[in-house]
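Read the numbers this way: they start at 1 and go in the same order the structure lists the ligands and their atoms. Scope of the values below: all heavy atoms of this structure, side chains included, with no hydrogens, waters or symmetry mates.
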Amino acid sequence: MKISVFGTGYVGLVTGVCFAEMGNDIICVDVDQRKVDMLKAGKSPIYEPGLDQLITNNIKAERIQFTTDAKTAIEKSDLLFIAVGTPSDVDGSADLKYVLEVAETLATYMNKHKVIVTKSTVPVGTCMKIKKAMEKAFAKRGVTHTYDIVSNPEFLREGCAIEDCLKPSRVVVGVESEHASEVMTRLYEPFLKNGNPMHVMDLLSSEMTKYAANAMLATKISLMNEFSRVCEKVGADIENVRRGIGSDFRIGPHFIFAGVGYGGSCFPKDVKALVKLGKDQDEHLEILDAVEKTNQLQRENFFHKIKNKMGHLKGKKIAMWGVAFKPGTDDIREAPALDLIQNFLDEGAQVVAFDPVAAGHAQEHFNNPSLMFADDQYKALEGASCLVVVTEWKSFKEPNFDKMKSLMKQPSIFDGRNIFSLKVMKEEGFDYISVGRPEIHKTK
Ligand SMILES: NC(=O)c1ccc[n+]([C@@H]2O[C@H](COP(=O)([O-])OP(=O)(O)OC[C@H]3O[C@@H](n4cnc5c(N)ncnc54)[C@H](O)[C@@H]3O)[C@@H](O)[C@H]2O)c1
């Protein structure tokens, strides 16, 4: 199939590459010349395991092209995917500026019937807004073309996006016509050979499904984080509680890890957008309001625990392991590490952070001489008064504890992801404070 994908970010690029991998002819369009130049040279502008190789393979096989030339891409394609960003607006709603810009561009250059697919996460009713924007552009041109509109929300997880895209747990498709349903079924058939379902529904339900999915996952995390605060007060261990409830099939083992809170480019903004959507409909979403507040509180609590234990932070060196919002990505959008770093800097501390792939973005974000980046996880520890673990990268899980102790000024760890066992921390002689678990104090 001949497909163009607008937006070469975490979703658009992975989607385009995976469609190409199945043999389709893909044109990826972006307004960012720097990204397009990198992609043309076979280099991914984002870190996503396995992505570089797939880009190179598909360029070589002439199945994928990268361009800023929207007109040619539109004219040559039958399916047009919108995968641009939908960041939070000041009032919490999703800012549809980029989506509607693409809609206008599509109508400006359309030369025959097309299927237009929204992959960006958008509020319920956005497909109708896209249609309006297109009708306006057609009127301006004095030309009109027929088209099908489809909602096809994306559920991939950064860090395993290729796997999620090639073998989705389900595909959700909102349509208005039989033709659109047939086209989408044909496109996704090779991806669903494992028997996973494609759910075809109306446009509004499809748009709502994406928000409901993210809101449900964010709720699980915030609820566990609330439990963790009670555990700390009563002396219970949230990790035992997690195991105890996770084996109940009605609850399940996923997304019930307590920690320093969720971040990333999706949960924070999508929860806010759904709360705003409810408000616009005179429906106050009390649970989701609390989910968001709890998430913020969890970050603040963790910072206060560190500050209280350390006395004051002024002039102290704090080592930080991980700045990405989760392992497997260089994405730092809404990452808990950003709030923590800012708090430490505000207190006059010096922060030396290590992250295997996200350091560059964090450096750019802060551009502050009191925040430095080490090029290895141990170097970050030299002379540090404590270590703060914020992202659970694999290499942090079984470190050389003797080496850590020899480098640090004090053997003190604040673990925002509960990556170490209490038993090991006791045996290794660390002061150890984690989330929702009893504190460990070194005896020697
Ligand atoms: N990141 C995720 O894990 C994830 C998962 C599921 C859904 N989503 C949703 O997918 C959408 C995209 O997210 P993302 O993280 O890929 O965003 P991103 O910010 O990484 O990428 C967006 C890209 O769109 C480009 N762009 C902006 N205007 C354009 C235009 N007029 N024409 C062509 N390109 C244009 C930007 O230059 C940028 O490269 C969002 O709605 C997001 O909520 C994201």
Taking only non-hydrogen atoms of Lys210, do any sit less than 4.0 angstrom from ligand 1? yes

Going through the distances and angles, do Glu104 and Met134 end up as a side-chain contact (heavy atoms from CB on, under 4.5 Å)? CA-CA 5 Å; Glu104 196 186 322; Met134 290 185 61; over 6 Å; no

Give me the nearest non-hydrogen protein atom to atom 9 (C) of ligand 1 as residue plus atom name, then the distance to 0.1 Å. Thr121 OG1, 3.4 Å

One thing to verify: whether Glu176 and Lys131 come together as a salt bridge, which I'm taking to mean a side-chain N less than 4.0 angstrom from a carboxylate O. yes

Knowing that exactly one of Arg186, Lys112, Lys114 qualifies, which makes a salt bridge (Lys or Arg N to Asp or Glu O under 4.0 Å) with Asp78? Lys112

Is the shortest distance from a Lys or Arg side-chain nitrogen in Lys307 or Glu347 to a carboxylate oxygen in the other one below 4.0 Å? yes

Just to confirm my output: which protein heavy-atom neighbour is closest to atom 30 (C) of ligand 1, and how far is it? Val31 CG1, 3.6 Å

Ligand 1 to Gly7, heavy atom cutoff 4.0 Å, flagged ligand atoms 23 (C), 24 (O), 25 (C), 33 (C), 34 (N)

Nearest heavy atom to atom 12 (C) of ligand 1 wins, so pick from Leu106, Leu156, Val84. Val84

Counting non-hydrogen protein atoms only, what is the nearest one to atom 1 (N) of ligand 1? Give residue, atom name and distance. Glu158 OE2, 2.7 Å

Proximal ligand 1 atoms for Val29, defined as those under 4.0 Å from one of its heavy atoms: 33 (C), 34 (N)

Show which atoms of ligand 1 fall inside a sub-4.0 Å distance from at least one heavy-atom site of Val102. 30 (C), 31 (N), 32 (N)

Asp270 versus ligand 1: do any nitrogen or oxygen atoms come within less than 3.5 Å of each other? no

Under-4.0 Å salt bridge between Arg229 and Glu232: no

Which residue supplies the protein heavy atom nearest to atom 36 (C) of ligand 1, what is that atom called, and how far is it? Asp30 OD1, 3.5 Å

Counting heavy atoms not belonging to Lys305, are there more than 12 under 6.0 Å from its NZ? yes

Test your reading of the structure: does Tyr98 have an N or O sitting under 3.5 Å from an N or O of ligand 1? no

Would you say CE of Met128 has more than 12 non-hydrogen atoms from neighbouring residues, nucleotides or ligands within 6.0 angstrom? yes

Name the closest protein heavy atom to atom 21 (O) of ligand 1, giving the residue it belongs to and the distance to 0.1 Å. Gly9 CA, 3.2 Å

Is Asp91 salt-bridged to Lys276, going by a charged N under 4.0 Å from an acidic O? yes

Measure the distance from atom 40 (C) of ligand 1 to every protein heavy atom, then report the residue, atom name and distance (to 0.1 Å) of the closest one. Thr86 OG1, 3.5 Å

Can you say whether the rings of Trp321 and Tyr378 are parallel (under 30°), tilted (30 to 60°) or perpendicular (over 60°)? perpendicular

With heavy atoms and a 4.0 Å threshold, my read on which part of Ala83 contacts ligand 1 is backbone

Test: Glu75 and Lys71 ion pair at under 4.0 Å: yes

Nearest-contact summary for atom 6 (C) of ligand 1 - protein heavy atom, Å: Glu154 O, 3.3 Å

Is there a polar contact, in the sense of an N or O pair closer than 3.5 Å, between Tyr10 and ligand 1? yes

Where does the angle between the aromatic ring planes of Tyr147 and Phe138 fall among parallel (under 30°), tilted (30 to 60°) and perpendicular (over 60°)? tilted

Logged contact type for Arg333 with ligand 1, heavy-atom cut-off 4.0 Å, is side chain

Check each heavy atom of Lys269 against ligand 1 and say whether those closer than 4.0 Å belong to the side chain, the backbone, both or neither. side chain

The residue among Val172, Thr118, Val124, Asn152 that forms side-chain contact (heavy atoms from CB on, under 4.5 Å) with Ser206 is Val172

Heavy-atom distances under 4.0 Å decide this one: backbone, side chain, both or neither, for Val122 against ligand 1? neither

Heavy atom of the protein closest to atom 44 (C) of ligand 1 (residue, atom name, distance): Val11 CG2, 3.2 Å

Partner of Val102 under side-chain contact (heavy atoms from CB on, under 4.5 Å), picked from Val31, Ile116, Ile130, Ile82, is Ile82

Output the list of atoms in ligand 1 that are nearer than 4.0 Å to some heavy atom of Lys35, sorted by atom number. 38 (C), 39 (O)

